[in-house]
Amino acid sequence: MTTAVHAETPLLQVIGLTVTHGGVHAVDSVELVAHGGELVGLIGPNGAGKTTTIDAIGGFTPHHGRVRVAGVDVSGDPPHRRARAGIARTWQSVELFDDLTVRQNCEVAATPAASRAILLDAIRPRRRSGGASEIGVRVEQALEDLGLTDEADRRPGELSMGRRKLVGVARALVAAPRVLLLDEPAAGLDSAESAELGRELRTVVDREQLAAVLIDHDTELVFEVCDRVYVLDHGVVIASGPPEQVRVHPAVVEAYLGTSLES
């Protein structure tokens, strides 16, 4: 874990975020901040509202409250405008183009124009001009960061679910986000792969100085790599702070059915 140097304005600021389904508050007045160079954990029991929270941050579900990116209020913006403002996310269910290679799947995430070009190229291949484009450099860097360089020319169907999850993370990084929302990226990875993913995420966040929010059921991963951790239970933040404090917080231990989260 690396202590981030905070800019005056956080890259992500969530104020009073509330999501209701009928009369039920799935997320209730959540406050969350992430500065550049910070990896922030968001954990909680099943059904606590974690994915709903980042769905709302990304604009994929209606909400009340404010979402700001580098001080700019994007609360009323749809997902594509929030993406332009710098928000990228991964998904629990990996949605990849099975007819494209891993590299091409990453390329389509860069810009709408790149997406159209790559999809057309899959249908009608064309000769590529020499020289590395800016998009190409970002793609190769993302593949290297996630340990996918050797699999760049393979198709998703040839990969394990764990490796497919890593492609989803690499694809999000290619968009050069300011804010990266990670929904269960370690699902399908064994303990060694999960630890390696944590180190890779830590390196990327530190180098690019982006703000990342990590949801994962692997609490050891979260406590190991995150600067701060927020804990949700029934849509409410019950604890937040440095990992070493949060893991022994009485409300957190109780939320996890009395199981201590101490090492």
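Using a 4.0 Å cut-off between charged side-chain N and carboxylate O, Glu220 and Arg247 make a salt bridge. With respect to Lys165 and Asp183, no salt bridge is recorded, no charged nitrogen being found less than 4.0 Å from a carboxylate O. Asp145 and Arg207 are joined by a salt bridge, as a carboxylate oxygen and a charged side-chain nitrogen come within less than 4.0 angstrom of each other. Salt-bridge check for Asp98 with Arg164: passed, with a basic side-chain N closer than 4.0 Å to an acidic carboxylate O. A salt bridge links Arg89 with Asp55: the distance from a Lys NZ or Arg NE/NH1/NH2 to an Asp or Glu carboxylate oxygen falls below 4.0 Å.
When side chains are defined from C-beta on, Val33 does not count as touching Leu12, because their heavy atoms never get closer than 4.5 Å. Under the 4.5 Å side-chain criterion, counting only non-hydrogen atoms from C-beta, Val229 is not in contact with Val252.
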From CA spacing to verdict: side-chain contact (heavy atoms from CB on, under 4.5 Å), Ile43, Leu214:
CA-CA 8 Å; Ile43 65 173; Leu214 170 63; over 6 Å; no

side-chain contact (heavy atoms from CB on, under 4.5 Å) between Arg163 and Leu148: does it pass, once the steps are laid out?
CA-CA 8 Å; Arg163 304 303 285 174; Leu148 292 165; 3.6 Å; yes

The test is salt bridge (Lys or Arg N to Asp or Glu O under 4.0 Å); show your working for Asp153 and Arg103 and say whether it passes.
CA-CA 6 Å; Asp153 295 318; Arg103 179 180 285 108; 2.5 Å; yes

Just do the salt bridge (Lys or Arg N to Asp or Glu O under 4.0 Å) check on Arg155 and Glu158 with the steps written out, would you?
CA-CA 6 Å; Arg155 284 178 166 74; Glu158 302 175 53; 5.3 Å; no

Working note: Leu210 + Val205, criterion side-chain contact (heavy atoms from CB on, under 4.5 Å); need CA distance, chi angles, decisive distance, verdict.
CA-CA 5 Å; Leu210 54 83; Val205 169; 3.7 Å; yes

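Distance alone, capped at 3.5 Å, is enough to place a donor-acceptor pair between the Asp227 side chain and the Leu39 backbone.
In summary, the side chains of Asn46 and His217 do present a donor paired with an acceptor at a separation below 3.5 Å, with no hydrogens or angles considered.
Atom-to-atom distance recorded for Leu173:CG and Gln141:CD is 9.5 Å, nearest 0.5 angstrom. Interatomic distance, Thr53 OG1 to Tyr230 OH, rounded to the nearest 0.5 Å: 12.0 Å. If you take CG on Leu11 and CD on Gln209, they are separated by 8.5 Å, rounding to the nearest 0.5 Å. Taken from CG in Asn105 to CG in Leu96, the straight-line distance is 5.0 Å, to the nearest 0.5 Å.
Tested against Val74, the residues Val69, Val179, Ile57 include a single side chain to side chain contact (heavy atoms under 4.5 Å, CB included) partner, Val69.
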